[in-house]
Amino acid sequence: MWQPGKEALRSYLYANILGWLLLFTANTTAYILLSVGEGWLVHVDVYLQGAFINIFLIGCYFWADYKSEKYREASALFHLKRQAHYLLLIMLFGAAVQLLLTLWHTSLLSWAARYVYISYLMHIVLFALASHIMLFTYRNLLFKKAPRRVHRYWTVFSYLLLATLIFNYFRLPVSAPPVWISLLVLGILAFMLSINLRWVAYLDVNEKGKAIVMIALAVFAYGYFGLYFYNYHQRNLLEFNVVYNVYLLAAAGFVVLYSILASLVLLFNIPISRIFESKLKDILAFQELTQSLQISDTEEALFENLLQQAYRTAQADAVVLEAVAPDGMSTHLFTKNISLTEARKVKAHIQNQKLYHALLEALPGSNVPKETLTAIPFKTHHSISIVSHSHKLGDLLLLRYADEPFQQEQIEMIDTFVKQVGVAIENKRLIQEIINTERYKRELEIAKNVQQSLLPARFPVTDKLSIQAISTAAHEVGGDYYDFHLVDESRLYLAVGDVSGKGTSAAFHMAEVKGIFQGLAPLELPLEVLAKYINQAVNTCVPKGTFVALSLLHIDTRRHTVEILRGGHCFPIYYSAAKRRVELIKQPSIGMGIVNSERFLQLNKTSTLTYQPHDILVLYSDGITEARNEKGEEFGVERLMDLIRLHAAESAEQMMMEINRAVNHFLQNRPLRDDYTLLVIKFKQ
């Protein structure tokens, strides 16, 4: 389709370039034919010469702008590759011109040496083209993820740059005040533009390496042109000297400055990128591990997956996993990068070392015989037990040839994998036990016991706060969930959740949520990061259409603060003892397993409240507020808030019992429509 604007611009550019080529040819002819010795018989008028060069530079400017505009939305690496291709062509053409003129000079009479000036004029053309190509390549990089002020800086810079073309009508030295003031202002703007390098953060390690090479090519090209022009400048034989062209000096200065700063930032970002990509690999490994926790997977598949993830995360030379069978009597070895025979020797050697050191501690000074097995080639080893509900499921042994300890971050991540797999295996064994029962009632009874065993029997008792909770399933089993992880005597994490659906499927997904929480909580992550990882795992583990409403709390009794991230769960209720006021803590949020991690964090934010002695925080599931009596009335949030206000002076346990009694009285023995959970936190001091 014909576009008037673009066609007009293209015609204007072609006309300018053609006009410059004609004038350039005439000017060059005058230089060649009318020069003798070391001087010039005819000098081209300075104003006419300025018009010649300005027409060409303006044509280059708009041509480069027009060509780069078409690729503005392309990736940063694409822009740098495109620039590199142009620079290679320009440098090859310049080298070819030099070679041809050198051969021509040697074959003609001595007066033909003046033809070397053609090389200088051609290099001005090539230098101008290269400068404009790089100028607009870096402009496109500048505008990536850039704020509005960067666009304003560029507009000012480009207008001032074009304004310097007026100096081409005068022969002013660089020391002239108008020239150096213009260069100073443009230099300041160039620096303000050059510090905007946000595009660097979006490149991976390999892309950063390629970008450094291509930017180095730009610096090399400028080095080539700089040496070339400096050589001619020293001879002082030029009718037109590019060294005094303010426009080209300013454009070149910006390009060189941006190239250097970009190279430095890329170099310093490579180590950070490696760390970031390593962490990303750990997260992907965690996601891959959670995918294997589906009910269709066997224990062998889980152990094999754990073996592979541990080998990759720890960067070990070999890994041995000894799994304990469900009967607790037999074991099975899984190995990575080591044979079964060698694995048994290594385990025996390590066991004998432990016995030897234990005997030395028990019988100091005695002649205990040393271990007689041949020394193993591995100098570093680390063992992690796979345990769930106090049952040992196996041992994971990490091995290295070098005497180099495993990093603490690697061990913590693998420990998270081990806990996740341990809970998953225990859940699979319990569920398998349920499946093997003969009758449906017995199956549901076992499932109910399993679910109750997954909920904490009691919370830690301290002199600073009291926590009580109760959970009742609408059927034999349900999807409501609460849990905690004690960090130290003053800090703990709490989780209260509700899995969508009912019955055994909800109970099974609830067990998965417990495994995810217990695996991640010991990492002591900020609530938003913890919620992000839980959301990733739920997206992976839980079938489409199923989600989890989960409130996460971090309580610090030393600072008297509670951080809350609601995650689609019911609004928490807070009672202020000093104000004797009950209020809902309202936060916009969405359940876990519905959207991806970036969108999830946009919709879920952490709020922090500072509590006072005797304040109360109550969390509950919608099974309480949506409970209906025989008249069809809902229990509602207002009744619950009134009960909290009424029993605020009582203990957390007494308040929980009174609310539970009120709900049962309201229902008048009618069956529950949904599972309900109630958790009461009373702050003592």
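No side-chain donor-acceptor contact under 3.5 Å links Thr380 to the backbone of Arg400. Asn539 contributes a side-chain N or O that, together with a main-chain N or O of Asn535, makes up a donor-acceptor pair within less than 3.5 Å. Between the side chain of Asn604 and the backbone N or O of Leu565 there is no donor-acceptor pair closer than 3.5 Å. For Ser385 (side chain) and Val387 (main-chain N/O), no donor-acceptor pair under 3.5 Å exists by modelled atom type. Within the 3.5 Å criterion, the main-chain N or O of Ser471 finds no donor-acceptor partner in the side chain of Asp480. Distance alone, capped at 3.5 Å, places no donor-acceptor pair between the Asp395 side chain and the Glu322 backbone. Formation of a donor-acceptor pair under 3.5 Å by the Thr625 side chain with backbone atoms of Gly636 is not found in this model.
A distance of 5.5 Å separates CG of Asp498 from NE2 of His569, quoted to the nearest 0.5 Å. One distance of note links CD1 of Ile564 with CD1 of Ile585; it measures 4.0 Å at 0.5 Å rounding. Rounding to the nearest 0.5 angstrom, the gap separating the CD atom in Glu583 from the CZ atom in Phe571 is 13.0 Å. Summarising the geometry, atom CG belonging to Leu553 is positioned 9.0 Å from atom CD1 belonging to Ile467; distances are rounded to the nearest 0.5 Å. Note that CD1 of Ile644 is 14.5 Å distant from CZ of Arg639, once rounded to the nearest 0.5 Å.
Residues passing the ring-ring contact (aromatic ring centres under 6.0 Å, His included) test with His614, sequence neighbours excluded: none.
Here the closest non-hydrogen pair linking Ser621 and Cys570 is C-SG, 3.7 Å.
Residue pairs satisfying the ring-ring contact (aromatic ring centres under 6.0 Å, His included) criterion with at least one member in residues 577-611, sequence neighbours excluded, are listed as follows: His560-Tyr611, Tyr611-Phe683.
Annotation: Tyr493 is not in aromatic contact with Phe484 [ring centroid separation under 6.0 Å not met].
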Give the C-alpha distance, both sets of side-chain angles, the deciding distance and a yes or no for side-chain contact (heavy atoms from CB on, under 4.5 Å) between Asp483 and Gln518.
CA-CA 9 Å; Asp483 206 351; Gln518 286 295 338; 2.8 Å; yes
Check step by step if side-chain contact (heavy atoms from CB on, under 4.5 Å) holds for Leu640 and Tyr620.
CA-CA 10 Å; Leu640 182 56; Tyr620 55 96; 3.8 Å; yes
Start with the C-alpha distance between Tyr575 and Asp615, add both sets of side-chain angles, then the distance that settles side-chain contact (heavy atoms from CB on, under 4.5 Å), and finish with yes or no.
CA-CA 6 Å; Tyr575 172 78; Asp615 287 359; 5.5 Å; no
